[in-house]
Amino acid sequence: MKTLSSLVVLAVIFIDFLHFWIPSANATTVSAELCTPQQTHISFGRSAEEMTIMWSTKGSCSSLVKYGSGPFKLALSASGDSRLLVPAHNTSEQQFIHNVLLKDLLPGTVYFYMPVSDDVSAGPYFFQTPHNLNEGTKLMVFSDVSTSSPFMKTLVKEALTGEYSALLHLGNIAMNMSSEHGSNGDHYMTSIEQAVRTVPYLTAPGPSEIEDGSYSNYLLRFAVSQEWPMKLDKLWYSIDIGAVHLISYSTEVFYSGDGKYATLQHDWLIKDLKLANGNRDEVPWIIAFGHRPMYCTCEDPKLTCNSKVTKSSPERTELEDIFYHYGVDMVLESYGAAYERSFPMYKGVQVTDNYTNPLGPVHIVCGGASPWTIEHNFTTPAPSWSAFRYINESVLSFGRLHIVNATLLTYEQINATDGSVIDSFDIFQEKHGQFSTSKLPPNISAEIDKERIDAGGKPGVLNIEEIGTTDTKTRLSELLQGDNRVRLIIGVSCGAFAVVAIITIILIKTIRKKKKVTRRWEQMDINYGKKFYSKAPEKDEDNDFEIDMSDGTEPSRKLLNADD
């Protein structure tokens, strides 16, 4: 009996234990499911000494990153913030995006890290910060990557070679992250996670980023060199990595909104490039990357980059003069169906036929990394500025950009299927700085001026300072730079002289009404189409001289009476 009682007591205790333990286990399971970090990826902060760690969870959980010098030496920690990603079409699904910034990192150092949400962690993962200025910088370049693209395996494998300081994605991420109620974005970030949680992921927006009518996924899922969440008036940024100043810009500002964002980007670009030019002794290379190309030779009628009329391409109208004037060495752009490389060029004119100390930017249209149905071929013949073109429907490709040192840059376009090199070239630049048509041969400058006139502009006039909200003092100081400096100085001087001359005439006429004076025509250097008077020293006799400037010839003089 005693034994039976003991068994009953034990059974009750066991049942009570199950009663309390099972809900606790279920609660732990639910918590783990809601707070498990997923889709981890990294990007730089405001400099290469900062790293942003991002991930997503299904529930509202805390944001913490543990990091350190080894997988079991995560002695440091940093906390961050999270935001709810509102799903498209008001579905019941929800997702929280987390953001934590790691600061004061050492160059060329491997760090291990673990994202943690409510004590649920993932990893450890690792990344390496870029080396200092004396080391080379290698960047992987690609665009138009769909979730189902066979390029995804190549991307992950290539990123994990440890050769790259960053991955540059030139827009059209997942070919619309918001589709399938946002689940397409989840599939994409999961597929690419192994690469982008190890190598910083730098992006530029393309048309796919606004296909849901907004940038909701792009603004929240990524954080690049600025405050988070990103804002529509700051979809552009720059960062120094080793010897290269990288600029990500938006071409989509020219196709949406009322032009306000285009103006803001314009002013930001000028300010950023001025600072970058002041630092070229330390960071000599400047490379810009965006989505839609300025120039291409594909026959696709939907493209503006193949137009011979500059004003029909907003990218050319609003960006080309800025990039040229401030000496951008290379512009990386995207067109999904083809790869194309230009000679150094400006205004559709090839300025040199090689890449040794080029006198203009080099444009690269990076072939897409997703299968495309080729509907249009290249135009024939190729214009002189087009150095190399490649189109093949069955071949996906990506770029390898290697900044070797302060004077040498190499670029390769790679077949993603077999790793073969489609195209390769070097840029050797000893004279980093602003470009100017005054340094070009006269025939090239004349051809550029003709292109300017055909586009409705004026010879020698850059479309740099015509829009924006910069204050008058700063705007004037900016105008004094570049190809228009001499014209501006002459214009301002002539204008000031004219004002002084008018005031002088008014004073003379006022004095003449009061008393008799001796007048003399004074020789002038500028033809104003009228006669000017200046007061001569008073004498007993009239002694006036006249000079006729109406035809600009040598003056003829005659004595006049001073009577009015």
Side-chain angles (χ1 to χ4, degrees), residues 41 43 138-161 163-177 179 184-185 187-209 211 217-218 221-222 248 251 287 289-293 296 298 300 303 305 330-341 363-376 388-402 411-424:
H41 58 284
S43 183
K138 202 167 186 179
L139 307 169
M140 186 178 180
V141 184
F142 52 90
S143 67
D144 297 63
V145 183
S146 65
T147 304
S148 59
S149 173
F151 170 69
M152 194 67 74
K153 292 182 179 179
T154 301
L155 192 162
V156 172
K157 182 179 178 181
E158 186 77 11
L160 295 180
T161 59
E163 296 182 5
Y164 298 100
S165 297
L167 311 177
L168 307 187
H169 194 149
L170 314 184
N172 280 1
I173 303 168
M175 307 306 291
N176 189 0
M177 301 188 79
S179 63
N184 186 52
H187 294 326
Y188 175 82
M189 296 307 298
T190 299
S191 300
I192 202 174
E193 179 182 8
Q194 196 174 358
V196 297
R197 72 189 181 199
T198 303
V199 185
Y201 190 33
L202 304 183
T203 62
S208 288
E209 279 59 78
E211 285 190 4
N217 273 266
Y218 187 75
R221 288 184 184 268
F222 302 104
S248 171
T251 57
I287 295 175
F289 67 99
H291 184 71
R292 304 186 195 226
C296 68
C298 214
D300 190 341
L303 300 174
C305 53
M330 178 179 284
V331 184
L332 299 168
E333 303 146 317
S334 171
Y335 175 54
Y339 165 78
E340 189 163 12
R341 162 170 56 91
H363 292 258
I364 299 293
V365 180
C366 185
S370 288
W372 292 89
T373 299
I374 305 301
E375 299 178 355
H376 306 279
F388 183 88
R389 306 186 297 182
Y390 180 85
I391 189 167
N392 188 327
E393 185 172 348
S394 62
V395 174
L396 310 181
S397 65
F398 65 94
R400 289 178 183 149
L401 175 59
H402 188 192
Y411 184 91
E412 295 178 321
Q413 192 72 11
I414 305 299
N415 183 325
T417 303
D418 59 17
S420 61
V421 178
I422 296 172
D423 181 38
S424 177

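T154 meets the side chain to side chain contact (heavy atoms under 4.5 Å, CB included) test with F151, F398, A416; sequence neighbours excluded. Applying the side chain to side chain donor-acceptor pair (under 3.5 Å) criterion to S397, with sequence neighbours excluded, gives Q413. Qualifying ring-ring contact (aromatic ring centres under 6.0 Å, His included) partners for F289, counting only residues two or more places apart in sequence or in other chains: none. In this structure, the side chain to side chain donor-acceptor pair (under 3.5 Å) partners of S179, at least two apart in sequence or on a different chain, are N184. Partners of V156 under the side chain to side chain contact (heavy atoms under 4.5 Å, CB included) rule, at least two apart in sequence or in another chain, are L160, Q194, A195. Applying the ring-ring contact (aromatic ring centres under 6.0 Å, His included) rule to H291 yields no partners; only residues at least two apart in sequence or on another chain are considered. Listed by chain and number, the residues in a ring-ring contact (aromatic ring centres under 6.0 Å, His included) with Y164 amount to none (sequence neighbours excluded). Under the side chain to side chain contact (heavy atoms under 4.5 Å, CB included) criterion, A338 pairs with Y335, F378, I391, not counting sequence neighbours. Residues passing the disulfide bond (SG atoms under 2.5 Å apart) test with C296, sequence neighbours excluded: C305. A search for salt bridge (Lys or Arg N to Asp or Glu O under 4.0 Å) contacts involving R400 returns E158, E412, not counting sequence neighbours.
Distance check: L139 CG to I287 CD1 gives 7.0 Å after rounding to the nearest 0.5 Å. Here the CG-CG distance, from N217 to N176, works out to 8.0 Å after rounding to the nearest 0.5 Å. Between the CZ atom of R292 and the OG1 atom of T251 there is a distance of 5.5 Å, given to the nearest 0.5 Å. Taking CG from L167 and CG from L155, the interatomic distance works out to 6.5 Å, rounded to the nearest 0.5 Å. Note that the CD atom of E193 and the OG1 atom of T198 stand 9.0 Å from one another [nearest 0.5 Å]. Of the inter-residue distances, the one linking T147 atom OG1 with M189 atom CE reads 10.5 Å to the nearest 0.5 angstrom.
For residues 199-209, the pairs satisfying side chain to side chain donor-acceptor pair (under 3.5 Å) are H169-Y201, N172-S208, Y188-Y201, T203-Y218, with sequence neighbours left out. Under the salt bridge (charged side-chain N to carboxylate O under 4.0 Å, His left out) criterion, the residue pairs touching residues 414-424 are R341-D423, with sequence neighbours excluded.
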Quiz prompt | Pair V365-L332, side-chain contact (heavy atoms from CB on, under 4.5 Å): steps then yes or no | solution = CA-CA 6 Å; V365 180; L332 299 168; over 6 Å; no
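At a threshold of 4.5 Å between non-hydrogen side-chain atoms, the residues K138 and E163 count as touching. Counting heavy atoms from C-beta outward, S420 and I414 have side chains that stay 4.5 Å or more apart.
Panel note: side chain S191, backbone H187; a donor-acceptor pair is recorded below 3.5 Å. Without hydrogens or angle criteria, S43 side chain to L202 main chain gives no donor-acceptor distance under 3.5 Å.
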